[in-house]
Engineer: 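Got a structure for you, questions after.
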Amino acid sequence: MSEGINDHTRYIVDLRRHMWMDGIEVELRRLIWQIAVVGKYISAKIHESNRKLAGFKNVYGEDQLALDRISDDILKNMLKNSGFVREYASEELKEIAPIGQGQEKYIVTADPLDGSSLVDTNLAIGTIIGIHKNSVFDCGRNSMVAALYITYGPLITMIYSAGKGVHEFVLDREGEYVLSEENIRLNEKGAIFSPGGLRRDWTDSHKRYIDRLESDGYKLRYSGGFVPDINQVIIKRGGIFSYPALKKSPQGKLRLLFELQPMAFIMEQAGGRATNGKEDILSLNVTSVDQRSPIYIGSSAEVTMAEKFLSQ
Ligand code: AFP
C-alpha cells in the first residue's frame, strides 16, 4: 500500500478506494466490495431474527438457525448476479454449485454465518470467505487469491487480504466500510491462547502443549466462535488458536475449505502461520468439500512451539 494513506489518516478511506489504491484488479475488488455489502444484509437479518432457532439441521446434521440458510441465500444470489463467479462452495451446501456461465474468473467458498449457535448468547459471530482462481481441489497456496471475514459484534468489522497485506475496515453509521487498520502485522509472539475441543478428548501431546502455554502465562481467550477468536489474535497482534485432532475425531472439527484456508491465507499475510501440526494449512490438498483438519494458527512462535510438541 502506498505510504500516502498512513500519512493522511485524518482523511477517511473507504474500502473501494483502499482496494483501488492497493492496485487490486478491478473484478476482484468489485467482488470483495459486493461481499462486504452482503455483510450489511446478513447483519440486518441477525437483528430481525431476534435470536430464534429454526430447528432444522444443516447438511452435516447439525442444528441450524434459519439465519444460516438466509445468509447463504443472500450471498449466493449476489454472487450469481455479480458476473465474476463461476462456482460457489458453501458450508450450507452438499456440493459445489455452478452459478455462472463457466468463464467467470473466480470460485468463492463461504461459511455464510459461522458460529450461528452463539446468536442466542449475543456473542460475536461472522462470515468467512475464500476467493479462488483455480479449482478448490488443489492446495490453497495454488488456488487462493483473496480471503476476507466479517465480524458481527458490537461493531461490524471486515478484514480482507488480496495478497497485499491485511487490512481492517469498520462499518460506520453511514453504512460505509472505513479503513481502521492498515497492513496489520503480528508480533513474533503473543500473549493469548484459544483452545478448542474438550480437554478429555485431547491427545497427550496437545495437552502438554496447552499446559506449557498456561504455565508460560498465556491468557485464556476462547469464545466458541471461530471468527471472533481468530480476530482477537489478529487485532491483539499475536497468540494462538487451536482446534486439535481429538481422540475420536483425528481430523478435528473445523472445515478446511470454508473455515481454515481463508483464515490461514489472512494469517500468513499478517506475518503469522497456520499448520495442522505437520504441514501448513495452505499446503494441504483439498479432496472433498467437507474435509476437516486440526489447526494451530496464530503468531509464529506459538505455531512453531505447537509443531515441536506434536512431533514428540
Ligand atoms: P457451529 O458451526 O456449529 O456454530 O460451530 C462453531 C464452530 O464451527 C467455530 O465457530 C468454533 O471455533 C468451533 O465451532 C467451536 O467448537 P466447540 O463448540 O467445540 O468449542
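Every number for a ligand or one of its atoms is a count from 1 in the order of the listing. Heavy atoms only: backbone and side chains are in, while hydrogens, waters and symmetry mates are out.
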Engineer: Please tabulate, for side-chain N and O atoms in residues 298-307, each donor-acceptor pair with protein atoms closer than 3.5 Å (sequence neighbours left out).
Structural biologist:
| unit_1 | atom_1 | unit_2 | atom_2 | d |
| --- | --- | --- | --- | --- |
| Ser299 | OG | Gly190 | N | 3.4 |
| Ser299 | OG | Gly239 | N | 2.8 |
| Ser299 | OG | Gly239 | O | 3.4 |
| Ser299 | OG | Glu302 | OE1 | 2.6 |
| Ser300 | OG | Glu188 | OE1 | 3.2 |
| Glu302 | OE2 | Gly190 | N | 2.7 |
| Glu302 | OE2 | Tyr218 | OH | 2.7 |
| Thr304 | OG1 | Arg273 | NH1 | 3.1 |
| Thr304 | OG1 | Ser300 | O | 2.8 |
| Glu307 | OE1 | Arg273 | NH1 | 3.1 |
| Glu307 | OE1 | Arg273 | NH2 | 3.4 |
| Glu307 | OE2 | Arg273 | NH2 | 2.6 |

Engineer: So among Thr127, Asn231, Thr157, which one has a side-chain hydrogen bond (donor to acceptor under 3.5 Å, both in side chains) with Tyr149?
Structural biologist: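 Answer to the side-chain hydrogen bond (donor to acceptor under 3.5 Å, both in side chains) test with Tyr149 among Thr127, Asn231, Thr157: Asn231.
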Engineer: Looking at ligand 1, would Glu91 count as a contact under a 4.0 Å heavy-atom criterion?
Structural biologist: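 Under 4.0 Å: no for Glu91.
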Engineer: Which atoms from ligand 1 have a heavy atom of Lys253 less than 4.0 Å away?
Structural biologist: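 Close to Lys253: 5 (O), 7 (C), 13 (C), 14 (O), 15 (C), 16 (O), 17 (P), 18 (O), 19 (O).
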Engineer: Just which atoms of ligand 1 are under 4.0 Å from any heavy atom in Ser116?
Structural biologist: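 Going through ligand 1 atom by atom, the ones under 4.0 Å from Ser116 are 4 (O).
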Engineer: Could you tell me, atom by atom, which parts of ligand 1 come under 4.0 Å of a heavy atom of Tyr222?
Structural biologist: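 So the atoms of ligand 1 that pass are 15 (C), 16 (O), 17 (P), 20 (O).
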Engineer: Would you mind listing every salt bridge (charged side-chain N to carboxylate O under 4.0 Å, His left out) that reaches into residues 132-161, with sequence neighbours excluded?
Structural biologist: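 Matches after skipping sequence neighbours: Glu25-Lys133, Arg141-Glu268, Arg141-Asp280.
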Engineer: Establish, yes or no, whether a centroid distance under 6.0 Å links the rings of His206 and Tyr296.
Structural biologist: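 Aromatic pair counts; centres sit under 6.0 Å.
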Engineer: Classify the contact between Asp229 and ligand 1 as side chain, backbone, both or neither, using a heavy-atom distance cut-off of under 4.0 Å.
Structural biologist: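 The answer is neither; Asp229 stays 4.0 Å or more away.
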Engineer: Return the orientation label for the Phe169 and His18 ring planes: parallel under 30°, perpendicular over 60°, tilted otherwise.
Structural biologist: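 The rings of Phe169 and His18 stand perpendicular, inter-plane angle above 60°.
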Engineer: Just which atoms of ligand 1 are under 4.0 Å from any heavy atom in Glu259?
Structural biologist: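 Here the atoms of ligand 1 in question are 8 (O).
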Engineer: Only heavy atoms of Asp114, strictly under 4.0 Å: list the atoms of ligand 1 that pass.
Structural biologist: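 Numbered from 1, ligand 1 contributes 8 (O), 9 (C), 10 (O).
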Engineer: Atoms of ligand 1 less than 4.0 Å from Gly225 heavy atoms?
Structural biologist: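 Listed by number with element: 10 (O).
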Engineer: Check whether any side-chain heavy atom of Ile128 sits under 4.5 Å from a side-chain heavy atom of Glu91, and report yes or no.
Structural biologist: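 In short, these two side chains do not touch, never coming nearer than 4.5 Å.
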Engineer: Out of Asp111, Asp72, Asp68, which one pairs with Ser90 under the side-chain hydrogen bond (donor to acceptor under 3.5 Å, both in side chains) rule?
Structural biologist: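 Exactly one candidate clears the test, Asp72.
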Engineer: Does Gly196 reach ligand 1, in the sense of a heavy atom lying below 4.0 Å from it?
Structural biologist: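 The answer is no: ligand 1 sits nowhere under 4.0 Å from a heavy atom of Gly196.
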